[in-house]
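Beneath this line is the structure, given in structure tokens, with notes to follow.
Nothing fancy with the numbering, it's 1 onward along the sequence. Below, each value reflects all heavy atoms present in this structure, side chains not excepted, and no hydrogens, waters or symmetry copies.
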Amino acid sequence: MPRRCGWEEQDVSENKAHGETTALRRQPVQQRSAKRVEQMLDAGAALIDEIGYESLTTTLIAKRAGVAVGSLYQFFPDKRAVVQALTQRNLDRFMAAIGERLSGVAHSHWWDVVDSILDIYLDMHRNVPGFSKVHFGDVVDRQLLDESRDNNRVIADALTELLSDYLDVPQERLWFAIAIANEAADSLLKLAFHRDPNGDAEVVEETKYLIKTYLASRLGE
């Protein structure tokens with residue numbers, strides 16, 4: 001079997017134990033470098049939509065981004081690191097969108113945002129490149145976002161932090177209710193998109209009803 005070239009050999013690190021989280025090799029400092037990293041992430045997202053994570057390679061990402069593969073390796077050791085950074089970017093945007101919705105309602109009307117949280121997720125699934133294939137990382141690694149917490153725990157922690165200012169509920173109780181709701185919504189929305197690429201409307205509505213009813217029973221409206 002022919003020996004792979006040097007750059008391709010660096011992809012072997014993608015097969016490391018899943019508990020090990022890969023970070024950027026270095027943070028982009030200059031605006032030009034930051035723009036190049038964004039191009040790489042955008043390229044990775046587009047390719048995931050087209051060929052899936054398993055067929056993705058750093059060589060393909062670099063080619064689509066219009067950069068040398070060596071330039072990609074300056075920031076990312078392997079394709080897993082690219083997808084990790086892409087997933088973190090998606091999570092940041094998800095939380096920012098929820099925060100914006102919360103800031104637009106009266107402090108006592110946090111309940112109005114419950115539907116919006118699911119709507120934001122649905123919109124990302126339908127419109128954000130690559131998101132429908134990797135979501136918040138479980139397809140790649142259940143601890144892609146943080147080596148000490150699973151991906152859903154990361155999301156539950158972030159949602160708890162956002163909502164804690166709106167609710168006079170003990171932190172542990174709030175976190176547990178959000179964690180249960182998040183796990184239930186995750187499973188049901190996967191079912192919705194399994195039935196229909198755009199999300200089965202009936203399953204989506206039942207999911208909203210279930211989550212709102214559960215949270216109301218635990219946290220009040």
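The distance from atom CG of Asp157 to atom CG of Asn152, rounded to the nearest 0.5 Å, is 10.5 Å.
Linking Ile, Leu, Val, Met, Phe, Trp and Tyr whenever their side-chain heavy atoms come within less than 4.5 Å puts Leu159 and Tyr214 in one cluster. In the hydrophobic clustering of ILVMFWY residues, with side-chain heavy atoms under 4.5 Å counting as a link, Val128 and Leu145 come out together. Both Val169 and Leu163 are part of a single hydrophobic cluster, where members link through side-chain heavy atoms under 4.5 Å apart. By the criterion of side-chain heavy atoms lying less than 4.5 angstrom apart, applied directly or through intervening Ile, Leu, Val, Met, Phe, Trp or Tyr residues, Val114 is grouped together with Tyr121 in one hydrophobic cluster. Transitive grouping of hydrophobic side chains (ILVMFWY, heavy atoms separated by less than 4.5 Å) brings Leu162 and Ile120 into a common cluster.
Contact record, Val69 with Ala62: CA-CB, 3.7 Å, taken as the closest heavy-atom pair. Closest heavy-atom contact between Ala181 and Leu215: CB-CD2, 3.9 Å. Residues Gly137 and Thr87 approach most closely at N-CG2, 3.8 Å, considering heavy atoms. Residues Glu38 and Arg93 share a closest heavy-atom pair of OE1-NH2, 4.2 Å. Closest non-hydrogen pair, Asn182 versus Ala156, comes out as ND2-N, 4.5 Å. Residues Ser164 and Gln171 come closest through the heavy atom pair CB-OE1, 3.7 Å.
Members clustered with Leu191: Val203, by chain and number, using a 4.5 Å side-chain heavy-atom cutoff among hydrophobic residues.
For the pair Thr58 and Phe76, the minimum side-chain heavy-atom distance is 4.5 Å or more. Proximity of Leu118 to Val204: side-chain heavy atoms (C-beta onward) are nowhere separated by under 4.5 Å. Counting only heavy atoms from C-beta outward, the side chains of Arg89 and Asp42 approach each other to under 4.5 Å. Side chains of Pro129 and Ile48 form no contact here, defined as non-hydrogen atoms less than 4.5 Å apart. Met40 places a side-chain heavy atom less than 4.5 Å from the side chain of Val67. In this structure, Leu60 and Lys79 have side chains that are not in contact, with every pair of non-hydrogen atoms separated by 4.5 Å or more.
Ring-plane geometry between Phe136 and Phe94 is classed as tilted, the angle between the planes lying from 30 to 60 degrees on a 0 to 90 degree scale. Taking the six-membered ring where tryptophan is involved, the planes of Phe193 and His125 are essentially parallel, since the angle between them stays under 30° and well short of 60°.
Although no hydrogens or angles enter the test, the distance criterion places no donor-acceptor pair under 3.5 Å between the side chain of Thr213 and the main chain of Leu210. Checking side-chain atoms of Arg80 against main-chain N and O of Leu144 turns up no donor-acceptor pair under 3.5 Å. Of the possible donor and acceptor atoms, none in the side chain of Lys133 sits under 3.5 Å from a partner among the backbone N and O of Gly52. Panel note: side chain Asp150, backbone Gln143; no donor-acceptor pair is recorded below 3.5 Å.
Applying the side-chain hydrogen bond (donor to acceptor under 3.5 Å, both in side chains) rule to Glu202 yields no partners; only residues at least two apart in sequence or on another chain are considered. Among residues two or more places apart in sequence or in another chain, the salt bridge (charged side-chain N to carboxylate O under 4.0 Å, His left out) test is passed with Lys212 by Asp115. A search for salt bridge (charged side-chain N to carboxylate O under 4.0 Å, His left out) contacts involving Glu50 returns Arg64, not counting sequence neighbours. Every residue was checked against the side-chain hydrogen bond (donor to acceptor under 3.5 Å, both in side chains) condition with Gln39, not counting sequence neighbours, and none meets it. Residues passing the side-chain hydrogen bond (donor to acceptor under 3.5 Å, both in side chains) test with Asn127 are Asp123, sequence neighbours excluded.
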Please walk me through it: do Ile211 and Ile117 pass side-chain contact (heavy atoms from CB on, under 4.5 Å)? CA-CA 11 Å; Ile211 298 305; Ile117 294 174; over 6 Å; no
Under the salt bridge (charged side-chain N to carboxylate O under 4.0 Å, His left out) criterion, do Asp146 and Arg153 qualify, and how do the steps go? CA-CA 9 Å; Asp146 188 320; Arg153 174 67 186 256; over 6 Å; no
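The local environment of NZ in Lys63 is sparse, with at most 12 non-hydrogen atoms from other residues, nucleotides or ligands closer than 6.0 Å.
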